Number of protein chains: 2
Amino acid sequence: MATRNIKEVAQLARVSVGTVSNVLNRPEIVSPATRERVFEAIKKLGFVRNEVARHLRVGRSRTVGLVVLDVANPFFVDVAQGAEAVADEHDSMVVLCNSAGDPGRERRHLDQLEQQRVMGILITPVETESPWVEELIARGTPVVLVDSPATGLQCSVAVDDRLGGQIAGAHLVERGHRRIGFVGGPPSVKQVADRYAGVTAAVAAADGTVELLTFTGPTLTVAEGRAIGERVAVLPPEERPTAAFCANDMMALGFLQAMASHGLRVPEDLAIIGYDDIDFAAAAAVPLSSIRQPRVLLGRTAIELLLEEVVEPEQHRHRQVIFQPDLVIRESSAMLR
Amino acid sequence: MATRNIKEVAQLARVSVGTVSNVLNRPEIVSPATRERVFEAIKKLGFVRNEVARHLRVGRSRTVGLVVLDVANPFFVDVAQGAEAVADEHDSMVVLCNSAGDPGRERRHLDQLEQQRVMGILITPVETESPWVEELIARGTPVVLVDSPATGLQCSVAVDDRLGGQIAGAHLVERGHRRIGFVGGPPSVKQVADRYAGVTAAVAAADGTVELLTFTGPTLTVAEGRAIGERVAVLPPEERPTAAFCANDMMALGFLQAMASHGLRVPEDLAIIGYDDIDFAAAAAVPLSSIRQPRVLLGRTAIELLLEEVVEPEQHRHRQVIFQPDLVIRESSAMLR
DNA sequence: AGATTCTTTTGAATCGTCTCAAAGACTTGG
DNA sequence: CCAAGTCTTTGAGACGATTCAAAAGAATCT
């Protein structure tokens with residue numbers, strides 16, 4: 001209720017508002033005696049600076065928006081933690097928004113962030129071609145794309161998903177699998193399309209006897225993975241793939257559960273490899289093999305690029321940073337016998 | 001760069017700034033012709049309302065801060081999703097902050113949120129007695145405590161953790177366990193203390209032959225659970241508990257991994273029950289029994305209480321809403337033979 | 001036409017802080 | 001004691017949107 005302002009502080013300390021502002025922003029130019037008096041007044045009144053008014057005057061906010069595809073996916077939580085760590089060092093704040101894969105939600109979040117005049121936005125867009133994002137940039141909000149290809153209008157950080165898919169595919173082929181299933185989400189999601197392209201390439205590079213089956217659903221969740229798993233589990237053994245490459249670990253975990261509930265053994269009856277290497281992958285019923293991405297680093301780099309753009313807009317050149325994924329082998333893709 | 005303001009819109013539409021503001025906030029009182037003209041100008045200029053300035057004038061923000069103990073814990077992600085769903089309906093925004101169990105980080109977040117003049121704050125405090133929170137309230141920011149007991153200065157939502165601990169303990173006792181381990185974090189965390197009190201009560205209520213061992217660490221993470229598990233696994237069988245009640249599912253998952261890596265079978269050699277029933281619990285190596293909390297409902301209720309307080313401060317009476325936990329039995333605590 | 005009522009539009013004041021030119025207070029040297 | 005510098009402090013504009021009393025314009029009635 002009783003929010004004090006700079007004027008009340010000035011009154012109590014018997015100085016002008018300008019001086020109070022100076023104490024707050026450049027204490028070194030104020031004489032020690034005055035400074036002390038102002039600090040006392042601040043303390044006595046319980047004054048808390050109104051960042052909103054400050055921002056209105058200064059014109060630049062200290063918060064960064066991070067819009068992710070799915071907060072429930074630990075992958076994005078880790079990206080967020082990376083971003084937050086850097087923001088913290090620059091006493092900025094990251095506000096985490098969840099588009100949940102819905103373009104409508106994504107747009108609402110972008111609108112809100114723009115209205116708040118955030119310093120910039122980090123986003124994993126729902127759709128690759130996003131006019132909203134381009135307009136946002138045109139109107140002056142810096143954007144860094146996370147895990148999505150840049151169009152040249154902005155910076156981006158990503159992991160080479162095609163390579164990741166290829167590594168996963170090659171691993172399964174090398175393990176002797178000849179009928180591989182790709183368990184993914186909508187191909188409109190860039191990550192899915194790239195990982196699929198990668199595994200396709202790996203299969204093509206094999207001796208021609210390897211078959212690739214595709215199973216997709218609308219989302220990339222545990223539930224979706226389970227649902228697809230149910231469909232796969234009931235296939236006759238001769239049609240059923242002997243290995244599945246899941247577009248992410250959430251799906252892989254769901255898929256794995258479906259196998260278990262149908263009495264199929266992993267990896268004996270069906271091997272599984274996921275993507276992201278979230279912490280829970282190692283704790284799964286059968287520890288999951290996965291393609292590891294530098295999640296935290298992704299977030300760190302994204303916000304660093306953003307800060308660079310904000311601090312020196314003039315000499316900033318948009319860049320695309322691409323990281324390499326790693327293969328992590330665990331029990332779920334152990335050798336076939 | 002080129003951020004347009006209401007004045008430019010007014011100029012282009014050949015009306016006063018007051019009219020533009022009216023079009024934005026109460027379009028029905030503006031004549032259709034004028035309204036149309038203003039909308040066109042807005043579109044042509046790519047004008048986006050400056051929420052900061054609006055807020056400065058109106059004095060109330062549309063964002064709510066949510067400060068959680070650990071974003072990596074899916075429990076809190078679900079609470080956040082519940083809160084966000086309600087905020088969405090009231091076109092507000094939830095900004096998610098992670099204290100990571102560190103009072104310093106918590107304080108920094110609270111300071112920042114207060115400076116931003118958020119509408120209110122939902123928080124799971126690191127420490128039960130938090131002078132910061134009380135001062136915050138005294139200065140006029142409404143607060144709702146999540147999963148923490150209220151002091152009467154604010155509303156709170158919580159789940160009866162003591163009861164949860166009791167249910168878990170009773171379950172293990174009933175399954176025939178006579179040496180039960182409690183795997184928890186620092187007792188300064190209210191949740192841990194309550195769950196411990198609950199299991200203690202359950203043990204005391206048994207026939208007196210049940211022993212309760214306590215293993216604690218500084219955090220409530222997967223890694224901590226694993227570390228404690230390592231210690232427990234190497235105990236001689238006659239000292240090792242036959243069942244473990246973990247303070248949350250993250251710890252339980254880590255603990256379970258440690259058992260597996262030491263060749264101990266769950267539940268045969270050691271039964272496990274966790275707390276929270278996060279989605280990953282069911283997908284664990286051995287599906288985890290757990291105490292389920294209404295996570296999403298917790299978030300929904302918290303923000304509803306906050307909104308109630310903000311909308312009608314006069315007739316608002318602080319309330320404490322307490323939910324009941326449920327027992328979910330899975331393989332990890334199946335009957336002893 | 002003039003009076004009355006209703007609908008629209010106007011524009012100055014306001015929210016809390018920062019900026020910056022200018023004034024005021026002190027020093028120092030001559 | 002004065003002039004010329006330093007330090008400090010001052011206070012009048014911004015910043016962008018909202019509000020609201022009052023003015024202007026339309027419509028209705030006598």
Side-chain angles (χ1 to χ4, degrees), chain A residues 1-39 41-42 45-62 111-112 114-119 139-141, chain B residues 1-39 41-42 45-62 111-112 114-119 139-141:
Chain A
M1 284 293 102
T3 19
R4 312 323 195 114
N5 59 27
I6 221 180
K7 211 156 140 194
E8 294 176 72
V9 174
Q11 241 154 28
L12 184 60
R14 314 188 130 271
V15 296
S16 69
V17 295
T19 299
V20 178
S21 179
N22 283 336
V23 169
L24 258 29
N25 301 299
R26 294 110 86 203
E28 69 282 359
I29 75 159
V30 179
S31 75
T34 315
R35 201 193 307 154
E36 203 41 54
R37 212 142 31 91
V38 172
F39 277 136
I42 288 178
L45 292 175
F47 165 79
V48 174
R49 189 221 242 105
N50 186 331
E51 180 65 29
V52 175
R54 172 197 171 82
H55 167 191
L56 173 60
R57 182 63 235 265
V58 176
R60 198 208 292 166
S61 148
R62 312 204 113 292
D111 281 352
Q112 260 176 322
E114 187 179 14
Q115 287 181 13
Q116 314 244 24
R117 297 292 191 272
V118 291
M119 175 164 54
R139 281 191 300 262
T141 302
Chain B
M1 288 291 102
T3 19
R4 313 322 197 116
N5 59 26
I6 219 180
K7 212 155 139 195
E8 294 176 71
V9 173
Q11 240 154 28
L12 184 60
R14 316 188 128 271
V15 295
S16 69
V17 294
T19 299
V20 177
S21 178
N22 283 336
V23 170
L24 258 29
N25 300 297
R26 293 109 88 204
E28 69 282 2
I29 74 158
V30 178
S31 76
T34 315
R35 201 192 307 154
E36 202 43 52
R37 211 141 33 91
V38 172
F39 277 137
I42 288 178
L45 293 175
F47 165 78
V48 174
R49 192 224 241 100
N50 186 331
E51 179 65 27
V52 175
R54 172 198 172 84
H55 168 190
L56 174 59
R57 181 64 234 263
V58 177
R60 199 206 293 164
S61 148
R62 313 204 113 290
D111 281 352
Q112 260 177 323
E114 186 180 15
Q115 287 182 12
Q116 314 245 23
R117 297 292 192 274
V118 291
M119 175 164 57
R139 282 191 300 262
T141 302

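The chains referred to below are lettered A, B, ... by the order of the sequence lines, with proteins before strands, and numbering in each begins at 1. In this text the structure is predicted, and so the values were computed from the model without any measurement.
Taking atom CD1 on A:Ile6 and atom C1' on C:dT17, their separation rounds to 5 Å, with Å as the unit. Summarising the geometry, the separation between CZ on A:Arg49 and C1' on C:dC18 is reported as 10 Å, rounded to the nearest angstrom. As a whole-Å value, the separation of B:Leu24 CG from C:dT9 C1' is 16 Å. Distance CZ (A:Arg62) to C1' (C:dT17): 15 Å, rounded to an integer number of Å. Nucleotide C:dG11 holds its C1' atom 14 Å from the CD atom of B:Gln11, rounded to whole Å. Atom CD1 in B:Ile29 sits about 9 Å away from atom P in C:dT9, given to the nearest Å. Put simply, CZ on A:Arg26 is 16 Å from P on C:dT17, counting in whole angstrom units. Rounded to whole angstrom, the span from the CD atom of A:Glu51 across to the P atom of C:dC18 amounts to 9 Å.
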I'd like to know whether B:Leu12 forms a side-chain contact (heavy atoms from CB on, under 4.5 Å) with B:Leu45, so could you lay out the CA-CA distance, the side-chain angles of the two residues, the decisive distance to 0.1 Å, and finally the verdict.
CA-CA 9 Å; B:Leu12 184 60; B:Leu45 293 175; 3.9 Å; yes
Worked verdict on B:Arg54 versus B:Asn25 for side-chain contact (heavy atoms from CB on, under 4.5 Å)
CA-CA 11 Å; B:Arg54 172 198 172 84; B:Asn25 300 297; 3.0 Å; yes
Could you please spell out the steps behind the side-chain contact (heavy atoms from CB on, under 4.5 Å) verdict for A:Val17 and A:Asn5?
CA-CA 10 Å; A:Val17 295; A:Asn5 59 27; over 6 Å; no
Chi angles and distances behind the side-chain contact (heavy atoms from CB on, under 4.5 Å) call for A:Val48, B:Arg117:
CA-CA 9 Å; A:Val48 174; B:Arg117 297 292 192 274; 3.8 Å; yes
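Using a 4.0 Å heavy-atom cutoff across all strands shown, B:Asn25 reaches sugar-phosphate atoms only and no base atom. Base engagement by B:Gly18 is indicated by at least one non-hydrogen atom pair under 4.0 Å involving a base atom. Note on A:Val15: only backbone sugar-phosphate atoms sit closer than 4.0 angstrom, heavy atoms only; bases stay farther off. Across all strands shown, B:Thr19 has heavy atoms under 4.0 Å from base atoms, whether or not it also approaches the sugar-phosphate.
Applying the 4.0 Å criterion to OP1 and OP2 of C:dT19, one finds that A:Ser21 has every side-chain N and O outside that range. Not one side-chain nitrogen or oxygen of B:Arg57 sits closer than 4.0 Å to the OP1 or OP2 atom of C:dT14. Not one side-chain nitrogen or oxygen of B:Thr34 sits closer than 4.0 Å to the OP1 or OP2 atom of C:dT8.
Between B:Val15 and B:Thr34 the shortest heavy-atom distance is CG1-CG2, 3.7 Å.
Nearer the 5' end of DNA chain C, as judged by each residue's closest nucleotide, is the contact made by B:Arg35, out of B:Arg35 and B:Arg117. Nearer the 5' end of DNA chain D, as judged by each residue's closest nucleotide, is the contact made by A:Arg37, out of B:Phe47 and A:Arg37. Comparing A:Ala53 and B:Asn22 along DNA chain C, the residue whose closest nucleotide (by nearest heavy atom) sits nearer the 5' end is B:Asn22.
Using a 4.0 Å cut-off between charged nitrogen and carboxylate oxygen, A:Arg139 and A:Glu114 count as a salt-bridge pair.
You can see that DNA chain D meets the heavy atoms of chain B within a 4.0 Å-exclusive cut from D:dG16 to D:dT19, reading 5' to 3'.
In the set C:dC18, C:dA13, C:dT9, C:dT9 carries the atom at the smallest distance from any side-chain atom of B:Val30.
For the pair A:Arg35 (side chain) and A:Pro27 (backbone), a donor-acceptor distance under 3.5 Å is present.
Of the listed residues (B:Val23, B:Val30, B:Ile29, B:Leu24), just one forms a side-chain contact (heavy atoms from CB on, under 4.5 Å) with B:Arg26, and that residue is B:Ile29.
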